Chemist: 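Okay, handing you the structure first.
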Amino acid sequence: MTTVDRNSTTELADSHPRRWAALFVMLGAAFMDLLDVTIVNIALPAVRDDLGASFASAQWVLSGVAVFTAASGSH
C-alpha cells in the first residue's frame, strides 16, 4: 500500500492560482508561431515566382521568419 504525504498534496493544490492562464498564454504563443510559419510556407512559392528568387533564397526567408517569430516570443 502506498502512503500519501498530506503536505505534498496541499502544496500541489496551493500552487500559483494563475498557472492555467500562463499555460494558455504559452500555448497560444506557440500556436501563433506555427500559424505564421505555415502562412509564409504556403505563400512562399508565389512570392518566389513573382520576385524571381532562387529556392535557396526562399529557404532563407522561411528560416528568417521562423527565427524572428520564435525570438519575439509572440506578437
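Basis for what follows: all heavy atoms, side chains included, without hydrogens, waters or symmetry-related copies. Being a predicted model, the structure only gives us computed values, none of them experimental.
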Chemist: Give me the atom names and distance for the closest heavy-atom approach of Pro45 to Asn41.
Modeler: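 Taking Pro45 first and Asn41 second, the nearest heavy atoms are CD-O, 3.6 Å.
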Chemist: Is it the case that one hydrophobic cluster holds both Ile39 and Met32, taking links as side-chain heavy atoms less than 4.5 Å apart, direct or via other members?
Modeler: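 Yes; tracing contacts between hydrophobic side chains, which count when under 4.5 Å, links both residues.
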Chemist: In the single-linkage hydrophobic clustering (I, L, V, M, F, W, Y; side-chain heavy atoms under 4.5 Å), do Leu27 and Trp20 co-cluster?
Modeler: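 As far as the 4.5 Å side-chain criterion goes, Trp20 and Leu27 are connected within one cluster.
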Chemist: In a check of side chain to side chain contact (heavy atoms under 4.5 Å, CB included) between Thr69 and each of Leu34, Asp36, Val40, which one passes?
Modeler: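 Testing each of Leu34, Asp36, Val40 against Thr69, the sole residue satisfying side chain to side chain contact (heavy atoms under 4.5 Å, CB included) is Asp36.
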Chemist: Provide the closest heavy-atom pair for Ala58 versus Arg48 in the form atom of the first, atom of the second, distance.
Modeler: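 Looking at all heavy atoms of both residues, the shortest contact is CB-CD, 3.8 Å.
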